[in-house]
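Here's the structure we're looking at; comments come further down.
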Amino acid sequence: MNRTPSHNTGAMRRLPRLLGCLAAVLATAARTDGEDASAITLPNILIVYADDLGYGDLSCYNPRAAYRTPNIDRLAREGLRFTDAHSPCTICSPSRYGLYTGNLVCRTGRRPVAFEGPGGPSYIRPGELTIARIVKAKGYRTAVFGKWHVGLTWFDSRGRRLQGGFRNALLIDYEKSTPLIDGPNAHGFDESFVTPNCPTTDPLYVYIENGRVPVPASRRHRRDTLPNPGGKWRWDNDEGWMAPGYRFVDADLLFHEKTEQFIREHRQRFPDRPFFVVLSTQISHAPVLPAPAFRGITDAGPRGDFVRELDELVGRLSRLLKELGIDRNTLFVFNSDNGPETLHTVWMRQDHGHDPAGGWRGMKRDGWEGGHRVPLIVRWPAVVPPGRVSAQLTNTTDLTATIASIVGYPLPDDAAVDSYDMLPVWLGVQNEADPVRPYMLTQSFRGEFQLRVGHWKYLDHRGSGGNDYSKGPLSRYAIPDEAPDAPAQLYDLRNDPGERHNLYFARPERRDQMQRLLQRLAARNGRTAPRERKPLGLDGIRRLIRTRRDEPSARTPRTGD
């Protein structure tokens, strides 16, 4: 009885603020459509690539989240939020390869692996076309900061290439190994400050700056030198060899500092040239070590604080763009490399009633949706209409073809073979009922494939494709298999978004169709993207913006989740 008046009073108090937000969104939309299309120029491009951040880890995706992410939510309100976006793989290294090249890792002939120690060589082959090379060819200055983790080549004193492993880290000959032959600067980046592996999880713990290692690893890291929030969140911090002065607890503050420094210096030295920069964060990968200023900032424990730290870094970058007067013509992309870590998901559900997977089945490493359905937000105020939500099927690999389309770079058929140009969706001129992607491949932890065709999903394997749900803390989330004799899985996501009812035997015609398609697409020399892709370029963007302004009905409608 007492809740209703209080609830109504709170709603009335919030009404002016809500109306103000609505007015701001409408005003921004009016500016976007009313803007002189001929004035549009090549945008600056900023990509924030989060780690192990699940579909349910942002409050703009999950109204029931145990904390708020106001800065990322604002990014979504002022741009375009995708609800059917996916990572190329369910672990980090292959997904990063997809981000930089527009290809699935199966195109390399290698299996998914998370590199550690002096592990390599890089998934990116010598001379392979990368997103950095694409924009650099169009006059951009390029940079990457944070986690690299697509493999590197290290040599010992006899010139032999080293394999990953704890002991091999001490065998590195830094003079023979650097400048790294397959680091970021060898693949199109002008500037880089990165870690070879997960910054606080997988040794080798060193910084690589522009292909060189300023301070080699010479000291043994001990995990008990780090805080252990809640008595458990230091989990998965491996002991190994580190450089003196290496920073664990505030890793992302360092990467953000390098990113901001690059943007400021670029604007001072090259004000007439656009920049392309990737901030590849540690958050929210294990171990969960929020910086001191963020400890206790939420009521959702250390991981809630950790995600709020990421949200604040996004806010700082957004404010920087406005301070420098480049906000309207900067493309800001926010994405994640795979679903949430296993124990993180279990603990957040148990301790805080928060589901990092956002209600989807599975988590990191799994081929089920929770393993690879991730947040994707795109904001470009001068071009992308605000306040929209799209259910178009898309993948991180699509960033390559879409950005190539923006800058007017014609992709050769042998490059970015899993990348679709999603620019018409970004611009708001693609009908939601008309999918850009007819199908999509993903890979799980063991390299097995999942295929989407519309609302149908085929998993070419039994079980999760990653985690073991038969024992331990994940056993409580095991779902009885309705077709235990089936060698694979078929789900109708429209009627069964939880992937509970395996239709492998019930729908043989659909199963056979998807099996044949998968065999063709997944071959090493296969592809999922169309051939002879033509970039829109600035002229095409201007033309479509004029069409959108003159024909409002062409605009992509806002859709629900």
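Being a predicted model, the structure only gives us computed values, none of them experimental.
- Atoms CD and CD1, on Gln443 and Ile91 in that order, are 9.5 Å from each other to the nearest 0.5 Å.
- Sorted by first and then second residue, the salt bridge (charged side-chain N to carboxylate O under 4.0 Å, His left out) pairs involving residues 479-505 (not counting sequence neighbours) are Lys457-Glu499.
- Sorted by first and then second residue, the salt bridge (charged side-chain N to carboxylate O under 4.0 Å, His left out) pairs with a member in residues 392-414 read Asp398-Arg437; sequence neighbours excluded.
- Listed by first and then second residue, the salt bridge (charged side-chain N to carboxylate O under 4.0 Å, His left out) pairs that reach into residues 101-115 are Arg107-Asp418, sequence neighbours excluded.
- Under the 6.0 Å distance and 45° angle rule, Arg452 does not count as a cation-pi partner of Tyr439.
- A salt bridge links Asp84 with Arg373: the distance from a Lys NZ or Arg NE/NH1/NH2 to an Asp or Glu carboxylate oxygen falls below 4.0 Å.
- Ser419 and Thr397 share no donor-acceptor pair across their side chains, judged by distance under 3.5 Å alone.
- The salt bridge (charged side-chain N to carboxylate O under 4.0 Å, His left out) contacts involving residues 458-467 comprise nothing, where partners must be two or more places apart or lie in separate chains.
- With rounding to the nearest 0.5 angstrom, the CG atom of Asp512 is 11.0 Å from the CZ atom of Arg510.
- A salt bridge is defined here as a Lys NZ or Arg NE, NH1 or NH2 lying under 4.0 Å from an Asp or Glu carboxylate O, and Asp190 with Arg141 fails to meet this definition.
- In terms of the side-chain hydrogen bond (donor to acceptor under 3.5 Å, both in side chains) criterion, residue partners of Arg96 (sequence neighbours excluded) are, by chain and number, Ser280, Asp337.
- No donor-acceptor distance shorter than 3.5 angstrom exists from the side chain of His344 to the backbone of Val346, with no hydrogens or angles considered.
- Counted by atom type alone, Tyr123 and Glu128 present zero donor-acceptor pairs between their side chains at under 3.5 Å.
- Checked by atom type, the side-chain pair Asp236/Thr201 shows no donor-acceptor distance below 3.5 Å.
- His256 pairs by the ring-ring contact (aromatic ring centres under 6.0 Å, His included) definition with nothing, not counting sequence neighbours.
- Residues satisfying the salt bridge (Lys or Arg N to Asp or Glu O under 4.0 Å) test with Asp252, not counting sequence neighbours, are none.
- The CG atom of Asp434 sits 5.0 Å away from the CD atom of Gln430 when rounded to the nearest 0.5 Å.
- Remark: the backbone N or O of Phe275 is paired with a side-chain donor or acceptor of Asn44 at under 3.5 angstrom.
- Checked by atom type, the side-chain pair Trp148/Asn197 shows no donor-acceptor distance below 3.5 Å.
- For Tyr504, the ring-ring contact (aromatic ring centres under 6.0 Å, His included) criterion is met by no residue, not counting sequence neighbours.
- When the salt bridge (Lys or Arg N to Asp or Glu O under 4.0 Å) test is applied to Arg379, the partners found at least two apart in sequence or on another chain are Glu78, Asp327.
- The ring-ring contact (aromatic ring centres under 6.0 Å, His included) check on Phe306 picks up nothing, with sequence neighbours excluded.
- Evaluation of the salt bridge (Lys or Arg N to Asp or Glu O under 4.0 Å) rule for Glu509 yields Arg507 as partners, not counting sequence neighbours.
- Under the 3.5 Å distance criterion, the side-chain polar atoms of Ser444 are left unmatched by any main-chain donor or acceptor of Thr90.
- The environment of CZ in Phe445 is sparse: at most 12 heavy-atom neighbours from other residues, nucleotides or ligands sit within 6.0 Å.
- A side-chain donor-acceptor contact under 3.5 Å links Ser93 to the backbone of His149.
- Relative ring orientation between Phe145 and Phe262 is described as tilted, the plane-to-plane angle lying within the 30° to 60° band.
- The ring-ring contact (aromatic ring centres under 6.0 Å, His included) search around His86 returns His372, not counting sequence neighbours.
- Residues Asp366 and Ser464 bring a donor and an acceptor atom of their side chains to less than 3.5 Å of each other.
- A side-chain N or O of Arg303 and one of Ser284 form a donor-acceptor pair less than 3.5 Å apart.
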